Amino acid sequence: METKLEVKNLNAWFGEKQALKNVSAGFKGNSVTAVIGPSGCGKSTFIRCINRMHEVVPRARVTGEVLLDGVDIYTSMDAMDVRRKVGMVFQRPNPFPNMSVVDNVVAGLKLAGSYGKDELSEMAEKNLKAVGLWEEVKDELRKSGASLSGGQQQRLCIARALAMEPEVILMDEPTSALDPASTTKVEELLQQLKKFTTILIITHNVSQAARVSDMTAFFYLGELIELGETESMFKAPQNPLTERYITGRFG
Amino acid sequence: MRFLSRKGTDRLVKCLSAGVTVAAVIPLFWIVIEIIINGASALSWNFLTDLPRPFGETGGGIGNAILGSFLINALASVWGIPIGIATGIYLSEYGGGGRTGSVVRTAVESLAGVPSIIYGVFAFTIIVMTVRHYTALAAAVALGLMMIPLVAKATEESMKVVSSEMREAAMALGIPKWARTEKVVLSIARGGVLSGALLAFARISGETAPLLFTALFSLYWPTGLDQPMATLQVLIYNYALSGFGDWVSKAWGASLILVAIVLVINIVVRVASRQKFTEGT
């Protein structure tokens, strides 16, 4: 598999505080990478540099390169175009409460592009099916997106991100606000999604990382300590810090 | 030694605050009851649809004043509400944090504090003095100006409470700023914006001072916006002070209509905003 996403010498700051230190890494296409590390280690900042959401924070700054299919998203792409190609799912489900279930799914297409009505409802159905929500909500498509249960809302948000047909999907602890059954559904979903996209998922749950990911990236104090195949990293971590973290001795 | 037990103090405070609350609500009910008692007898179909009769003649109605109030308020809303909403959007989503933003915010707050008679004198000076006759347009200018700060403030406040998660979610979809503002933030805040607009409408419905300088009054049906025009407020003012029994009773009747309009608007706002809260969760 080819490298879909490459990060070279990435540094990020909040004002004077450096949140990411010289991070370089490559991510293969059609894979799931778990991003792990203790709170405040720069995981969220890292993935927010990949869809250019870090730079919108006042006084935030980024240096280095982020290459999507070899194209630098900072110098050769418009921020809006980057965010259409690199989708994001947040920690707390955040469907738009002013929009129906269907309109939530196609919100990005509707508000950022020009699509016909039939095309939009087709896209809505296709993506609701992709996240396994269609059967559950097909009779309440016109209800507010906020009327669904928490787990359904999160899958709705994943469908909303998928509808943009992103090359990469970033997930920031997508299951931490969900019950175990919903968590399982989202985890199973990841295996379907990686067939046509590349996923980076932040998780605080080490066993979730082991379950869902092909690769794991361990961050500590803003540095990428170790990046490797999940299976081998969990069996034999190269760095003693990684070992201490995944065995639960700190973090 | 304690003068009262803990429970005793609790009961005392509860009674005091309940008593004060009742005292605060009494004037409202008193006014409404007084207006109903005195005004109800004046009500009839003709009262609502007929033209006023000249001084000294009994009968007639206040139809032209009802229509006039509606026309002037509508005209004021047509330009005052959009500018108010646009100002609120600017303060909440665009320049609100910067220097220009704080200048605009101070201006809006000062505008909200200007006594209504000043709006009247202003419209009188720039319009009535120029065209050399009283005109309903000047009234719509004065009342529309009054609406701007009320609507701007309501819009800003209701947009600001929309959680930043919504803005982030929209941004992460690559939705451009104007669409995030209009289709996401403003749309989520629409209940509050609508409430603000309705309350501003209710507020100008009761203003009299600006009208005395602008639309003044007329005993006839409105013939044009550039002409003097009757309004409920000025009719009440004229009739109540006339000393003529039939007109005084008509002033009560007109007051009843005016209070009813304002109360209905307030109740609509209450019910609508309660619905919004149950939907939102």
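The model shown is predicted, which means the values in this text are computed figures rather than measured ones. Throughout, a chain's letter reflects where its sequence line sits, starting with A, and its residues are numbered from 1.
- Other residues, nucleotides and ligands contribute more than 12 heavy atoms inside 6.0 Å of the NZ atom of B:K177.
- Distance check, rounded to the nearest 0.5 Å: CD1 of B:I175 to CE of A:M164 gives 7.0 Å.
- In terms of heavy-atom pairs under 4.5 Å with chain B, the best-connected choice from A:N51, A:L170, A:V82, A:V56 is A:V56.
- For A:L120, the side-chain contact (heavy atoms from CB on, under 4.5 Å) partners two or more places apart in sequence, or in a different chain, are A:V106, A:L109, A:K110, A:Y115.
- Nearest heavy-atom pair, B:P176 versus A:R84, reported as atom, atom and distance to 0.1 Å: CD-NH2, 4.5 Å.
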Would you give me the side-chain donor-acceptor pairs under 3.5 Å for residues 166-173 of chain B, sequence neighbours excluded?
{"residue": "B:R167", "atom": "NE", "partner": "B:E93", "partner atom": "OE1", "Å": "3.1"}
{"residue": "B:R167", "atom": "NH1", "partner": "B:V162", "partner atom": "O", "Å": "2.7"}
{"residue": "B:R167", "atom": "NH2", "partner": "B:E93", "partner atom": "OE2", "Å": "2.7"}
{"residue": "B:R167", "atom": "NH2", "partner": "B:M159", "partner atom": "O", "Å": "2.8"}
{"residue": "B:E168", "atom": "OE1", "partner": "A:R48", "partner atom": "NH2", "Å": "3.2"}
{"residue": "B:E168", "atom": "OE2", "partner": "A:R48", "partner atom": "NH1", "Å": "2.9"}
{"residue": "B:E168", "atom": "OE2", "partner": "A:R48", "partner atom": "NH2", "Å": "3.1"}

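- For A:P166, no part sits under 4.5 Å from any heavy atom of chain B, backbone or side chain.
- Judged purely by atom type and a 3.5 angstrom limit, A:N98 uses its side chain to pair as donor or acceptor with the backbone of B:K183.
- Here CZ of A:F96 is found 10.0 Å from CZ of B:R180. Values are rounded to the nearest 0.5 Å.
- Annotation for B:R105: atom CZ counts as buried by contact number, over 12 foreign heavy atoms lying within 6.0 Å.
- Within 6.0 Å of the OH atom in A:Y74, the count of heavy atoms belonging to other residues, nucleotides or ligands exceeds 12.
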